[in-house]
Structures are given as C-alpha cells and as structure tokens.
Amino acid sequence: MRKKDLLPLCALATSLSSVASAQTTLSTINDPAQGAIEVLTGTIQPAGPRPAPLGLRFFNFQGDDGGANASYGIARFNLTRVRNQFNSIFGNGRWRVSGLTLELTQDNAAFTADGRFFIDFTPDDTNDINTVGVSPFRYQTPAPEGQIRITQHDFVGLTTGTVDTINLFTGTPGAQAAAIDIQNDNTLTLVFNPDNVLSPFVAATYRGQLPAISFLSPQLVVTAERNDGTQPTVQSTLADRTDGSNEVLSAQIRSTGPLTGSGGDNFFNILGDNQTAATRCYGILRFNLTRIRNQFNATYGAGNWRVRNVDLRMTQSNFAQTANGTVIFSHTTDDTTNIKTSASPFRYPSPQPAGQTVIRTFNFVRNDDTTDVINLFGPSLTGGGADVVANDIRTDNTLTLVINPDNANTPGVGATYRGQNPMIITQFRYGPKLNITAVPASAVQGTLRWENTGSDQTVTFTFQPTSGSPIVVPVKVGPAGTYTVGGLPFGTYTVTVQAPTYLRRIVSGVNTTSGTATLNVTLLGGDANGDNAVDVFDLADLISSFDKSAGDAGFLAGADFNNDGAVDVLDLDILIRNFDQSGD
C-alpha cells in the first residue's frame, strides 16, 4: 500500500480517534511527491559506504564473490511522523505493533544475481551509514552493533520496478526487538547481509534513498492496534547507546574493589577462585527502570500492572580467562551503595551488597559473541529471589543484581561479557539489558479500622487464589488505616490480614476481576504475645510493662497496643474491650 493511498484513511482515523480500536496501517514516505523521504540507505563495501550519487540511488547487498563490490546494506527509517499518528489515533503510548512489512523496489543491473540475504535488527541508530570518510562501517566488519536476526529473503531478479514485499513481523527475536523499538523510539535501523554460506554470489539490487525520477525508495509499512490495558507489554532497558543514556551500570568487584576506568566499563566478568588471584571477581548490575515503569503506568494506569516475565540478555566477550562453569544470580535490596569507584566498600569475595536472595544458577558455556538469555522471572521460574525481582520492578525504579561464581562446584569458571559501555563497535556490541513483560493487574484497597495512634506499622496481606500459590505482600499502613495492594492477578482471593499485636482476620471471596476490589477490615488489638488470642497471658505482659515507655528497661513493644510508644491505661482499655477474643 502506497502513502498516497493511505492519506484518506489517516484523516478518517484521526477524526475517529476517540473510538479507534481496530488496526491502523501507516507507511513511511518513499515517494518524493508525497513529502520528504523518511529513509536513509547505505551500501557498505570493503572501502566503506558506496559514494554518492550512485551510493544513494542504489541499495545493494552483494556476496563475497563480488570482491571489491561486495556489500551489505543499512536502511534507517525515520518513524517520528508514523508514531505521532499512532499516538493521535490510539492515545499516547496506548498502542502496539501488530504487523510490519518492508517493500523494496528492484533496480537491476548486469551483475544482479539471485540468492539469499538476511535482514537483521540493530539498535545502532546513530552511526553514519552513507558518508564517505565519516561512517565507521566496512564490509564485512565493522558493522552495526547488536544485530538480531529478523528473517531471510530469497532474492529473484525480475523486471526493474518490481516490488519485493517482505514480512518482518515473524515472531523471531529480531522481529520482537524491531516491534519494541518502533513502540519506543523514532528511528528503526535494519541491516541486510548476504548469505555467504549458501549464496556468496548473490547480488540483490534495489532502489536507494534518492532514486531516479518515478523510482521509489525502501518503504516500511507498520500496522498498529490499540493496547487498551488488556495485552502484555514488553519494554527493554537501553543498553546500546553511544550517547551515555544507557540504563545500566555494571561493575566487576575484585579483591581490591571495583575495576575502574575503561576496563570496568567495557567488560563484565565473573571469575572464580581458581582464576588468577588479582582478577577473581563477582559482578553487580544496577538497572534504572524509571522510564520503563513510567511506560507501564501510562499503558495500564498507575500500579495496575504486574510483571509476567523478566529476561536478562548479556553478550559474551571472551578472552584467555573465559571458562565454562556455573554462576549464581541474586537480588539485593542495596540500590544505593557505590559500585563503580574506589570509594565502594565492596571487595571479592566480601563484603558484598546486603539483603541478597538467590534467584537461580546459570551454566555459562563459552560461545564467542553469543547473547545469553537468562530468565529471572517467568512461568517456569517463580518463588524465592524470582518473586523478589518481580516485586522490586513493580514497586521501585532501581533493580540491583549480584552475580557470583559458584566456587563450591566450578571454582574455575570465567563468565565474560560486555559491560555497560562495550569497547569496540562490532556486529555484537551492546551491554547487559533487561527485557520486562508486564500485564494488566488488579488491586485491593480499603481501610483498616484499628487502634493505632502512633507511627506506621507493617501489615502483612496474604492473597490465596482459588488455585496456585499464595501472594504475600507486606504494606506500611499509617494510623488512618488506608492501604492499597496493587499488582495482583485478576481473580478471587481469600485474604489474610495480620498486624503486630492484632488478631488475625481472614476474609473470603474478594473478587478483583473488575479491576479494583474494596476490603475494609476491623482489627482487634490486645495480642501481646502473638498467639492470636487476647487472654490472661497478654494481661500478664501488659502488667509487667505497665507505665513504661520505649527505651525503658522492661518495656514490651507487644504490650503497646496503640503503638504510641508507651504502655498505659489506653492499652489496658484495648485489652479489656477485646478480652477473650480470638482471631481467625
């Protein structure tokens, strides 16, 4: 579909944006008659980009048999207008890609030859792709960083002007990365590599960004649909920028502290006890999730989402000390202590960040420049540290992970990866990144009617679904008693409410399928010893601590039923009123 055919559709879609819920298709401009061309192309030969004007008129991918003319191609699409239109139709950020097609117009020559080429996604949207003497790229390397395979295409040379239509919405990792990139970024960059294994003779010849009169440049056709808060949304941390906006810090912690300078930024290693003493290290990754959480909140409503899957992607960067073995991933609650400079308190093997909970082990197997995908939370990995990771992402803008060598089983392990700022622009260059999938969630809110007149107390809510494991959520609740527990899967729950010095309450049939359920609960105080009953034993504790305040010898916090820092007649009144009561 051409841009001129879409103009009436776009106008109609805009006027009906308040009711738009079906799919909408928009295309980049590839015809100068319709406006400014929204694509840049580069044909990268051994000497660099093919010079203008032919380098801009034609867009070729030629295999190794082409010699000095062998090439791969780069196409960079400006999606600002397309994304603005989707935001206008569906609402800002409330859409997702549901189809993606590439149209390339053949422009054939005497050397045109049938064969296969690959189309890859790259996160490199900044390096020059077609200026001689400026672009860093050469055939075959250096090439754009972080390439992920989308699809392959078997080129068959036909009449000049033939349009090859290639589906890019294939479900592959590269296709998923491209869809996520379109939803979050105004630029999409694709790399076209000849298949030198099966068809080194291929010479796929197309029109470039500035074709001759009446010729059409490459066109991207994007279909989007409303994400109305019922579908999963995937967001990735930035790990592939050269402008300092990456959303991860990585650190190698050695016996002398963090490895500083470019070595500490370029590489991220986990080396066990059998490695050289000076280089043994564990690793710390600290992710800034502010942008991602804001996007989830915009899509689903503040707090009305939960984490369904978390994958960590790390690209191997191997050298002499690289060795197979097991490493241990843990979550830490320490999001603030310095991990990068000599001021950091951390050392190998200790001290380490506090509050660690083991998530999983991972078997590192050397495979140069491979991206290891490590699941940290998902359908097959829940409980323990995995649940802590998911909850931390939902409630906090920073996630910190600690990766230790498994010295008990594989002390010779040498897991070696790219760091936060990989050193060289290569086909595989990007730092550690998180892919987080969120889905809509429900909430329970209400008021606790209780006798707390002091400071906030931690109340533990346990949500037991009809089937499956319970969800335990500690919540700080103030004297007013108002609370909200978000991030719950839709369903019906039996809810247990437990607070220090109060009798336990259990409420069945709390239904969140409509989004938010209201649960108001009356809590009875007077349980000094935590046995879920108010009786003579609690009275004995109160008497022993009577007329004492916090800090006094013999003061029992459990007998301070109203949490005001003193045991007095007010607490005695609570005990008398609730005497001989038991909790659920």
Side-chain angles (χ1 to χ4, degrees), residues 1 20-28 38-39 74-87 89-104 118-125 144-153 165-192 218-241 247 291-292 294-296 298-300 305 307-311 313 371 373 378 430 433-440:
M1 186 179 290
S21 60
Q23 295 182 337
T24 298
T25 299
L26 298 172
S27 302
T28 55
E38 294 174 318
V39 65
I74 307 174
R76 181 167 290 157
F77 294 92
N78 180 358
L79 300 177
T80 303
R81 180 187 56 83
V82 168
R83 293 184 69 252
N84 286 344
Q85 188 66 44
F86 286 144
N87 284 331
I89 294 171
F90 297 113
N92 188 29
R94 301 188 71 87
W95 54 273
R96 65 175 183 172
V97 175
S98 57
L100 188 62
T101 303
L102 176 68
E103 295 182 356
L104 299 174
F118 300 110
I119 304 176
D120 295 340
F121 166 81
T122 173
D124 184 349
D125 293 334
E145 60 191 53
Q147 293 185 39
I148 309 175
R149 183 64 34 83
I150 297 175
T151 191
Q152 61 190 33
H153 180 70
T165 300
I166 306 169
N167 177 31
L168 302 184
F169 201 66
T170 57
T172 62
Q176 294 172 11
I180 294 170
D181 196 48
I182 292 171
Q183 288 163 207
N184 293 277
D185 190 17
N186 286 331
T187 305
L188 177 71
T189 306
L190 304 176
V191 183
F192 302 78
Q219 181 177 57
L220 198 66
V221 182
V222 186
T223 300
E225 64 184 9
R226 180 180 296 279
N227 185 347
D228 58 5
T230 62
Q231 302 96 354
T233 300
V234 182
Q235 297 281 341
S236 299
T237 54
L238 301 178
D240 41 47
R241 304 302 177 98
E247 294 171 320
R291 179 186 57 83
I292 286 179
N294 286 343
Q295 187 62 55
F296 288 150
T299 300
Y300 298 113
W305 54 274
V307 176
R308 189 171 77 173
N309 195 77
V310 182
D311 285 332
R313 301 190 175 207
T371 296
V373 179
Y430 60 86
K433 72 188 307 183
L434 283 178
N435 277 8
I436 303 171
T437 304
V439 293

Counting distance only, does the side-chain N/O of Arg96 pair as donor-acceptor with the main-chain N or O of Ile180 below 3.5 Å? no

Of all residues at least two apart in sequence or in a different chain, which pass the side-chain contact (heavy atoms from CB on, under 4.5 Å) check with Asn294? Thr290

Nearest atoms (heavy-atom pairs only) where Ile150 meets Ala178: CD1-CB, 4.3 Å

Spatial distance of atom OG1 (Thr371) from atom CD (Gln147) [nearest 0.5 Å]: 11.5 Å

Phe169 versus Val97, closest heavy-atom pair with distance: CZ-O, 3.5 Å

Is the side chain of Thr437 donor-acceptor paired with the backbone N or O of Arg308 at a distance under 3.5 Å, no angle test? no

Does some side-chain heavy atom of Leu188 sit less than 4.5 Å from a side-chain heavy atom of Leu220? yes

For the side chain of Arg83 and the backbone of Gln183, is there at least one donor-acceptor N/O pair under 3.5 Å apart? yes

Hey, are the side chains of Phe296 and Ile436 touching, using non-hydrogen atoms and a 4.5 Å cut-off? yes

Worked check of side chain to side chain contact (heavy atoms under 4.5 Å, CB included) between Leu190 and Leu168: CA-CA 11 Å; Leu190 304 176; Leu168 302 184; 3.9 Å; yes

Side chain Thr122, main chain Glu145, donor-acceptor under 3.5 Å: yes

Pair Thr25-Val222, side chain to side chain contact (heavy atoms under 4.5 Å, CB included): steps then yes or no: CA-CA 6 Å; Thr25 299; Val222 186; over 6 Å; no

Would the distance check show the side chain of Thr187 and the main-chain N or O of Leu79 forming a donor-acceptor pair, the cut-off being under 3.5 Å? no

Gap between atom CD of Gln85 and atom CG of Leu26 - 0.5 Å precision: 5.5 Å

Compare all side-chain heavy atoms of Leu102 with those of Phe77 and state whether any distance is below 4.5 angstrom. yes

Gly174 to Ile148 - nearest heavy-atom pair and separation: N-CG2, 3.3 Å

Trace of the side chain to side chain contact (heavy atoms under 4.5 Å, CB included) decision for Asn167 with Leu100: CA-CA 6 Å; Asn167 177 31; Leu100 188 62; 5.7 Å; no

Say whether, by atom type as modelled, one donor and one acceptor occur between the side chain of Glu225 and the main chain of Thr24 under 3.5 angstrom. no

d(Arg313 CZ, Thr237 OG1) to nearest 0.5 Å is 10.5 Å

Minimum heavy-atom separation for Glu38 and Thr28, please, with both atom names. OE1-CA, 3.3 Å

Would you please name every residue forming a side chain to side chain donor-acceptor pair (under 3.5 Å) with Asn84, sequence neighbours left out? none

Closest non-hydrogen atoms of Ala438 and Trp305, given as atom of the first, atom of the second and distance, are CB-CE3, 3.9 Å

If you apply the rule side chain to side chain contact (heavy atoms under 4.5 Å, CB included), what do you find for Val39 with Arg76, and how did you get there? CA-CA 5 Å; Val39 65; Arg76 181 167 290 157; 5.9 Å; no

Heavy-atom side-chain contact between Phe121 and Asp181 under 4.5 Å: yes

Under the side-chain contact (heavy atoms from CB on, under 4.5 Å) rule, collect the residues that match up with Thr101, sequence neighbours excluded. Thr165, Val221

Taking all heavy atoms of Ala75 and all of Phe192, pick out the closest pair and write down the distance. CB-CE1, 3.7 Å

Is there side-chain contact between Ile119 and Thr151, with heavy atoms separated by less than 4.5 Å? yes

